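Inspection log for the structure reproduced underneath, given as structure tokens.
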Amino acid sequence: MRKHLILNKTITLLLMIMFSLALTQMIPGNGLTIESYAASVKKTTKKAKKAYQRKLDDISKEGASSTSYRIVNIVGNNVPELLVDYSEEGARHGTFTVYAYKNGKVKQILCDSDDNMEVYIYKKTSTLVLYNAYHGYVGYSYYKYSGGKFRLKAIDCYNDAAETPHWYENGNKDQISKAKYKKITKKLKKGKKKDLGHENWAVIDTYDN
């Protein structure tokens, strides 16, 4: 009886070990093995890059005078996004846009004006930080990725001429104190900050098109 009990415990333990090893080869939540998940991501990334190239071609045809872009993963889903900075001839400022590849389509998930922009990402909180200098105003805008797109959470805005700083949340709708602005941004600025600066972006010069 004792031998049977020991044997049963041994078999149970072996089964538990085998099950645990099997789980380590699975991606939580989708039932794919690590190998098949990696293959799926690679395939989707390849499709996304082709779709992004078509989007860049469309932007060039729409009259953009100069376009720079970068394809990089910024929201943590292993499929890269397309970051585009472009300006139209005669326009007073440029446009910064982020596109994502979803369900076979390229979708815009952020759009912001652009002048002398710096771009940073806090991947731990999926927060994109943009620095703008536009007609005497300078400041940082904090966009957090949520619900499939980047949402503007906080802005600090400084007027060079009047020398007056202002802080806002929920876009530029609600003016707040500096203390509240710091409290909001402190939660967003967690983990390592990565510079996505323009020096690493590819450039499409469309002036002669």
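Computed over heavy atoms, backbone and side chain alike; hydrogens, waters and symmetry mates excluded. Since the model is a prediction, treat every value here as computed from it, not as a measurement.
A 4.5 Å side-chain heavy-atom check between Q108 and T97 finds at least one atom pair inside the cut-off. With contacts defined as side-chain heavy-atom distances shorter than 4.5 Å, the pair F96/L110 qualifies. Taking 4.5 Å as the limit, every side-chain heavy atom of P165 sits out of range of all side-chain heavy atoms of D156. Contact check for I176 versus I184: side-chain heavy atoms found under the 4.5 Å cut-off. Counting only heavy atoms from C-beta outward, the side chains of D85 and V119 never approach each other to under 4.5 Å. Put simply, the side chain of F150 reaches to within 4.5 Å of the side chain of V75, judged on heavy atoms.
The nearest pair of heavy atoms linking N78 to V41 is O-CG1, 3.4 Å. Nearest heavy-atom pair across K190 and Y122 is O-CD2, 3.7 Å.
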Test log, rule side chain to side chain contact (heavy atoms under 4.5 Å, CB included), inputs K46 and K42: CA-CA 6 Å; K46 187 176 180 180; K42 185 177 180 180; 6.0 Å; no
Residues Y145, I109; criterion side chain to side chain contact (heavy atoms under 4.5 Å, CB included); working and verdict: CA-CA 9 Å; Y145 186 76; I109 58 174; 4.1 Å; yes
Stepwise side chain to side chain contact (heavy atoms under 4.5 Å, CB included) test for T127 and K189: CA-CA 8 Å; T127 299; K189 295 190 294 183; over 6 Å; no
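The environment of K149 atom NZ is sparse: at most 12 non-hydrogen atoms of other residues, nucleotides or ligands sit within 6.0 angstrom.
Note: Y158 OH to H166 NE2 = 10.5 Å, rounded to the nearest 0.5 Å. In this structure, CD in E81 is found 8.5 Å from NZ in K102, a value given to the nearest 0.5 Å. Between Y142 atom OH and L128 atom CG the span is 11.5 Å, to the nearest 0.5 Å. Here OH of Y140 is found 5.0 Å from CD of E118. Values are rounded to the nearest 0.5 Å. If you take OG1 on T67 and CH2 on W201, they are separated by 11.5 Å, rounding to the nearest 0.5 Å. Rounded to the nearest 0.5 Å, atoms CG (L82) and CD (Q53) are 9.0 Å apart.
Both L56 and V106 belong to a single network of hydrophobic side chains, linked directly or stepwise wherever heavy atoms of I, L, V, M, F, W or Y lie under 4.5 Å apart. Side-chain heavy atoms closer than 4.5 Å link hydrophobic residues (I, L, V, M, F, W, Y) into clusters, and following such links, possibly through other members, connects Y181 to L188.
Applying the side-chain contact (heavy atoms from CB on, under 4.5 Å) rule to K123 yields the partners N73, I121; only residues at least two apart in sequence or on another chain are considered.
No side-chain donor-acceptor contact under 3.5 Å links K178 to the backbone of W167. Judged by distance alone, with hydrogens and angles left aside, the side-chain atoms of Y143 form no donor-acceptor pair with the main-chain N or O of D112 at under 3.5 Å.
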